[in-house]
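Below you'll find the structure I mean.
What you see is a predicted model; the values in this text were computed from it and never measured.
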Amino acid sequence: MLILLAFIIVFHITSAALLFISTIDNAWWVGDNFSTDVWRMCAMNNTCMAITDQFREYQSIQAVQATMILSTIFCCVAFLVFILQLFRLKQGERFVLTSIIQLLSCLCVMIAASIYTDRHEELHKSNEYSVEVSKGRYGYSFVLAWIAFAFTLISGVMYLVLRKRK
């Protein structure tokens, strides 16, 4: 039972780490001479510019920002609730509240990655960029967001099935 508990905790912390990295790191869309994320665009000459409301499709970027932040917050709250429920639940009860919060995290990261997937062409056609970014490709932060979606979904279902034992 202790090994299962350690696995669940490590799996949850890994999910949270993936969410933090994909939210913060500057590699959602990359090219030969630039990298961009949901916060800023950086050229290879070490000049970065924030993505502001002057960009086309700024509302889409704001939706991605908000849902990625919410996903990260939900994942961290779910971990704290799991730790609390570990000590407060009676034997045989399920971790339903932790599961619901983790599944909300899963939903948020799915929404963010889906919006970015759908709107990426329009997002990168803006004339406000200092370099041509439309010829890029998805970066590792975008891939990590989708992996985090799978991890949070698996852990959310795992908490739903899991019962407290001695």
*Does some side-chain heavy atom of Arg94 sit less than 4.5 Å from a side-chain heavy atom of Leu162?*
no
*If every non-hydrogen atom of Ser71 is compared with every non-hydrogen atom of Ser105, which pair is closest and at what distance?*
O-OG, 2.8 Å
_Close side-chain approach of Leu5 and Leu86, heavy atoms under 4.5 Å_ = yes
*Distance, nearest 0.5 Å, that separates CG of Leu107 from CD1 of Ile100*: 13.0 Å
*Student check: side-chain heavy atoms of Leu103 and Leu153 closer than 4.5 Å*: yes
*Is there a path from Phe7 to Ile154 through hydrophobic residues (I, L, V, M, F, W, Y) whose side chains come within less than 4.5 Å of each other?*
yes
_Cys76: disulfide bond (SG atoms under 2.5 Å apart) partners, not counting sequence neighbours_ = none
_Using 0.5 Å steps for rounding, measure from the CD1 atom of Ile73 to the CG atom of Leu19._
11.0 Å
_So which atom in Arg137 and which in Gly31 form the shortest heavy-atom distance, rounded to 0.1 Å?_
NH1-CA, 3.9 Å
*Counting N and O atoms only, with roles assigned by atom type, does the side chain of Thr72 sit under 3.5 Å from a partner on the main chain of Met68, one being a donor and the other an acceptor?*
yes
_Ser141 and Ser22 side chains, donor-acceptor separation under 3.5 Å_ = no
*Treating Ile, Leu, Val, Met, Phe, Trp and Tyr as nodes and any side-chain heavy-atom pair under 4.5 angstrom as an edge, say whether Phe20 and Ile69 lie in one connected cluster.*
no
*Give the ring-plane orientation class for Phe142 versus Tyr116, where under 30° counts as parallel, over 60° as perpendicular and anything between as tilted.*
tilted
*State yes or no: are the ring centers of Trp28 and Tyr138 separated by less than 6.0 Å?*
no
*Calculate, to the nearest 0.5 Å, the distance between atoms CD and CZ belonging to Glu93 and Arg88 respectively.*
11.5 Å
_Between Val38 and Met49, is there shared hydrophobic-cluster membership here, with clusters defined by ILVMFWY side-chain heavy atoms closer than 4.5 Å?_
yes
*Please check if Ile83 and Ile8 belong to a single hydrophobic cluster, counting links between Ile, Leu, Val, Met, Phe, Trp and Tyr side chain heavy atoms closer than 4.5 Å.*
yes
*Results of ring pair (Phe, Tyr, Trp, His ring centres under 6.0 Å) for Phe82 - residues two or more places apart only*: Phe95, Tyr159
*Partner residues of Phe74 under the ring pair (Phe, Tyr, Trp, His ring centres under 6.0 Å) criterion, sequence neighbours left out*: none
_Quick check for you: to the nearest 0.5 Å, what is the distance between Gln65 atom CD and Asp37 atom CG?_
8.5 Å
*Quick one: does Ser15's side chain have a donor or acceptor within less than 3.5 Å of a partner on Ala148's backbone?*
no
_Would you compute the distance between atom SG of Cys48 and atom CE of Met41 and round it to the nearest 0.5 angstrom?_
8.0 Å
_Any Ile51 side-chain heavy atom under 4.5 Å of Thr36 side chain_ = yes
*Could you check Phe149 against Cys106 for side chain to side chain contact (heavy atoms under 4.5 Å, CB included), going step by step and ending with a plain yes or no?*
CA-CA 5 Å; Phe149 161 70; Cys106 171; 3.3 Å; yes
*Looking at Gly136 and Phe34, what are the two nearest heavy atoms and their distance?*
CA-CZ, 3.8 Å
_Closest non-hydrogen atom pair, Val30 against Ser35_ = CG1-CB, 3.9 Å
*Heavy-atom side-chain proximity of Trp39 to Asn26 below 4.5 angstrom*: no
*Locate the shortest heavy-atom distance separating Ala63 from Thr67; write the atom from each residue and the value.*
O-OG1, 2.8 Å
*asked:* I need the minimum non-hydrogen distance between Val109 and Ala145, along with the two atoms involved.
replied: CG2-O, 3.5 Å
*asked:* If we ignore hydrogens and angles and just use 3.5 Å, is the side chain of Thr14 paired with the main-chain N or O of Val10 as donor and acceptor?
replied: yes
*asked:* What's the separation between atom CE in Met158 and atom CD in Gln102, rounded to the nearest 0.5 Å?
replied: 8.5 Å
_Hydrophobic clusters here meaning ILVMFWY residues chained together by side-chain heavy-atom distances under 4.5 Å, can you tell me if Leu4 and Phe79 are in one?_
yes
